[in-house]
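For reference, the structure is listed below as structure tokens.
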Amino acid sequence: MTLTEWLRDPNPTSRLQSRMAQSYLSWLRMKRNKLAMIGLLITVALVLMAIFAPMLAPYDPITQNLQERLQPPLTSGHWLGTDDFGRDIWTRILYGSRITLYIVLLVILTAPVFGLLVGTVAGYFGGWVDQVLMRITDIFLAFPKLILALALVAVLGPGMVNAVLAIAITSWPPYARVARAETLTVRNSDYIAAVKLQGAGPMRVIWGHVMPMCLPSVIIRVTLDMAGVILTAAGLGFLGLGVQPPVPEWGLMISAGRKFLFEQWWVATMPGLAIFIVSLGFNLLGDGLRDVLDPRSAGR
Amino acid sequence: MADTDLNDAAPSRVTRLAKQAGGTVFTLLITFIGLLAVTFFISRVVPTDPVMSILGERATQAQIDETRTALGLDRPMWEQFGIYVWDALHGDLGTSIRTKEPVIDEIARYFPATLELSTIATIIGMLIGVPAGILAATKPGSLFDQIVRLVGLMGYSMPVFWLGLMGLLIFYGQLGWVGGPGRLDAAYDMMMQFEVEPYTGMILVDTLLNGRWDIFQNALSHIILPAALLGYLSMAYISRMTRSFMMNELGQEYITTARVKGMPEGRVIWVHALKNVMVPLITVVALSYSFLLEGAVLTETIFAWPGLGRYITDALLVADMPAVLGGTIVVGAVYIGINMFSDLLYRLVDPRAK
């Protein structure tokens, strides 16, 4: 039996097989969405770039070479040109992908988890717990994200970890909302009642039986939010509040190129293109994922 | 019986609205106090000592104690917070460390520039986004629909500060079609200061009120680029939401009925369906307006635009925390206000909303 046949078997013999068959069907549906596939391609490329940066990069991202400063694109050896310290821009973009990915991963590991926790607890317990937690969520939603992040970084001091922290603190509320809504729909189901009758405590019910139900909608949100995370991180970097020089962070590179925008346009343009392409990739992928995994909101 | 029903319904709807309005105002107040709690917390964990930043390093102990008492820092935390909320509700947001001026006065000076910019941006976004979304919804899956979707997603993916730089590079640096950074050319700046009565602080409005067409044109050439770029971002959001609302509406039975009756398709879409789409669109436009306040932070930095965003970032760079937090509070308050306002308007316009 080939793999495809195994996946298409109408009578799955194991849990694994039926799950795989489900994913295979989703994959087939997504494959038809060309834009989503482009998004997937960009995302995979970003990950590969980040992993293999030292092998792909022709130069060192930090070492200065003042003899070759501000070379235009397509000069031999520097196809995207060099910056004001003579560093190869392509090399710095490659290494910058590591920082972008790192920030995205750190935010993904904190904000959705926290939001999920708040949302499920609020939805499951209801009553005053729900009231208090959701009011707090509303308050954080009332803040304009970037401005709250700015204020937080101003207090914590600039740096990558603080930037991640600021972004995480500003981006958990939507996850709490989503998780709460999902929890409300499942908390009165029979299977939850059955688990409770078996003597499971609230934490066990939430962790083992409510949270898994919230995961699909949270994952879709995460994919759609990643572009926003990248843009906010780049914005903080641009204002000099994120990663500090000489680290090749894309937002920081744009702000360095701003000084000679009209004469040496490529210094600011190239890293911006990188940010744009990567966030577009995440947005296309998230859009496609939503159509596949959540047919209710297809096309929104 | 039907009569009494109607009579009962009329006042009950009014009282219900009033009740909801009361509830909304209460929520608004709670949210606002929560916002203050966050900024209060931020201001108290700041590593820079407010006393030291006012007095400098060589202050005597007596001076330090005196300033501490004057600032109320010797009182218990909850009392400090109470005073903080009280002051903020009365418009006292503290004193800027950099300029020694009340933060609220400074913000009042900077705010009109942001308001002017984001209003024009929202208008641009609305004028393009709504028709684009509607046309896309009438032919889902068509080439036009795909293009609207892609252009919208591109807007979501664009770093706004980079977009600003690219706009300057192309339309100001290369083509010279628009004015450069700032709200006016230097020459007009002087005229604006001495020859124009500042009624609103918004240059476009003030020059028209004063009949100064020349300054108006110059201001327009400066505002058009940043406003168009921000308008693009808001268009991305508005067109996407319009499309989804319209799709939803076109699936309703009254639309089928209208079509079966032989009503021209143009009338079905632009009169019947649009009327119902307008209601949720109010919320969307209001939301995009408040997003723009945020987008303005970075755009104003690029375009040397003397607005609220630039005020906050400038203050940030010299660690002027009262100014940063004051700006944060004002933006947050406007944010909350716009959301609540759109919520109320929505309930007023749509009788189905409960």
Side-chain angles (χ1 to χ4, degrees), chain A residues 34-35 39 135-136 138-148 150-158 169 224 227-228 230-232 234-235 238-241 250-251 254-255 257-258 261-263 265 268-269 271-284 286-287 297-300, chain B residues 27 30-35 37-39 42-43 45-47 140 145-146 149-150 153-154 156-163 165-166 168-169 172-174 240-241 243-244 247 290-291 293-295 297-298 301-302 309 312-313 315-317 319 321 324-325 327-328 331-336 339:
Chain A
K34 277 197 200 93
L35 288 180
R135 266 292 91 70
I136 295 176
D138 282 348
I139 288 166
F140 276 90
L141 270 179
F143 269 106
K145 266 174 137 185
L146 183 69
I147 291 179
L148 179 59
L150 283 180
L152 283 169
V153 178
V155 174
L156 300 168
I169 290 177
L224 283 169
I230 292 174
L231 294 182
T232 313
F238 179 76
L239 291 172
L241 297 170
W250 293 343
I254 297 179
S255 103
R258 197 183 156 189
L261 175 71
F262 295 112
E263 295 79 32
W265 54 272
T269 306
L273 269 180
I275 301 176
F276 169 59
I277 292 172
V278 167
S279 23
L280 186 63
F282 277 119
N283 271 332
L284 290 174
D287 221 39
S297 58
R300 275 207 178 192
Chain B
T27 327
I30 296 285
T31 318
F32 185 64
I33 290 177
L35 184 114
V38 176
T39 52
I42 293 176
S43 71
V45 296
V46 175
D145 182 29
Q146 300 269 355
R149 185 171 177 163
L150 189 65
L153 278 177
M154 280 165 72
Y156 276 102
S157 317
M158 204 77 82
V160 57
F161 51 97
W162 180 72
L163 188 64
L165 287 177
M166 293 301 110
L168 270 182
L169 177 63
Y172 172 64
Q174 298 289 319
R240 205 174 157 89
M241 297 310 283
R243 177 185 181 276
S244 116
M247 291 281 280
S290 46
F291 290 155
L293 285 177
E294 195 177 324
V297 172
L298 290 161
T301 322
I302 300 289
I312 294 176
T313 42
L316 203 68
L317 295 178
M321 285 317 282
V324 173
L325 293 175
T328 311
V331 176
V334 173
Y335 220 67
I336 298 173
N339 281 328

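Not measured: the values here are computed from a predicted model.
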(Q) Can you confirm whether more than 12 heavy atoms, excluding those of Tyr172(B), are under 6.0 Å from its OH atom? (A) no
Q.
Quick check on the interface: out of Pro159(B), Pro140(B), Gly34(B), who has the most heavy-atom pairs with chain A under 4.5 Å?
A. Pro159(B)
Q | Residues that Asp145(B) engages under side chain to side chain donor-acceptor pair (under 3.5 Å), provided they are two or more places apart | A | Arg243(B)
Q | Atom group of Met166(B) that falls short of 4.5 Å from chain A, counting heavy atoms | A | side chain
Q | Atom of Ser279(A), atom of Ser157(B) and distance for their closest heavy-atom approach | A | OG-O, 3.0 Å
Q: Would you mind telling me which of Val334(B), Ile336(B), Thr313(B), Thr301(B) has the largest number of heavy-atom pairs within less than 4.5 Å of chain A?
A: Thr301(B)
Q: For each of Leu169(B), Val38(B), Leu150(B), Thr328(B), tally heavy-atom pairs with chain A at distances under 4.5 Å, and name the one with the top tally.
A: Leu169(B)
Q: Before giving the answer on side chain to side chain contact (heavy atoms under 4.5 Å, CB included), spell out for Trp265(A) and Leu165(B) the whole-Å C-alpha distance, their side-chain angles and the decisive distance to 0.1 Å.
A: CA-CA 9 Å; Trp265(A) 54 272; Leu165(B) 287 177; over 6 Å; no
Q: Heavy atoms only: give me the nearest Met158(B)-Phe276(A) pair and the separation to one decimal.
A: SD-CD1, 3.6 Å
**Q.** Phe140(A) versus chain B, the contacting section by heavy-atom distance below 4.5 Å
**A.** side chain
Q: To the nearest 0.5 angstrom, please state how far the CD1 atom of Ile147(A) sits from the OH atom of Tyr335(B).
A: 8.5 Å
(Q) Quick check: do Trp162(B) and Thr269(A) have side-chain heavy atoms less than 4.5 Å from each other? (A) yes
Q | Val160(B) side chain reached by Leu231(A) side chain, heavy atoms, under 4.5 Å | A | no
Q) Using 30° and 60° as the class limits, which term best fits the ring planes of Phe238(A) and Phe161(B): parallel, tilted or perpendicular? A) parallel
(Q) Counting heavy-atom pairs under 4.5 Å with chain B, which one of Asp138(A), Leu150(A), Leu141(A) comes out on top? (A) Leu150(A)
Q. Among Ile33(B), Ile302(B), Ile30(B), which residue forms the greatest number of heavy-atom pairs with chain A at distances under 4.5 Å?
A. Ile302(B)
Q. How about Arg149(B) and Asp287(A): do any of their side-chain heavy atoms sit closer than 4.5 Å?
A. yes
Q | Side chain, backbone, both or neither of Leu35(A) within contact of chain B (heavy atoms, under 4.5 Å) | A | side chain
(Q) Please rank Ile312(B), Leu35(B), Val324(B), Val297(B) by heavy-atom pairs under 4.5 Å with chain A and give me the top one. (A) Leu35(B)
Q.
I'd like to know which of Leu153(B), Leu317(B), Leu168(B), Thr31(B) tops the heavy-atom pair count under 4.5 Å against chain A.
A. Leu153(B)
**Q.** Part of Leu316(B) lying under 4.5 Å from any heavy atom of chain A
**A.** side chain
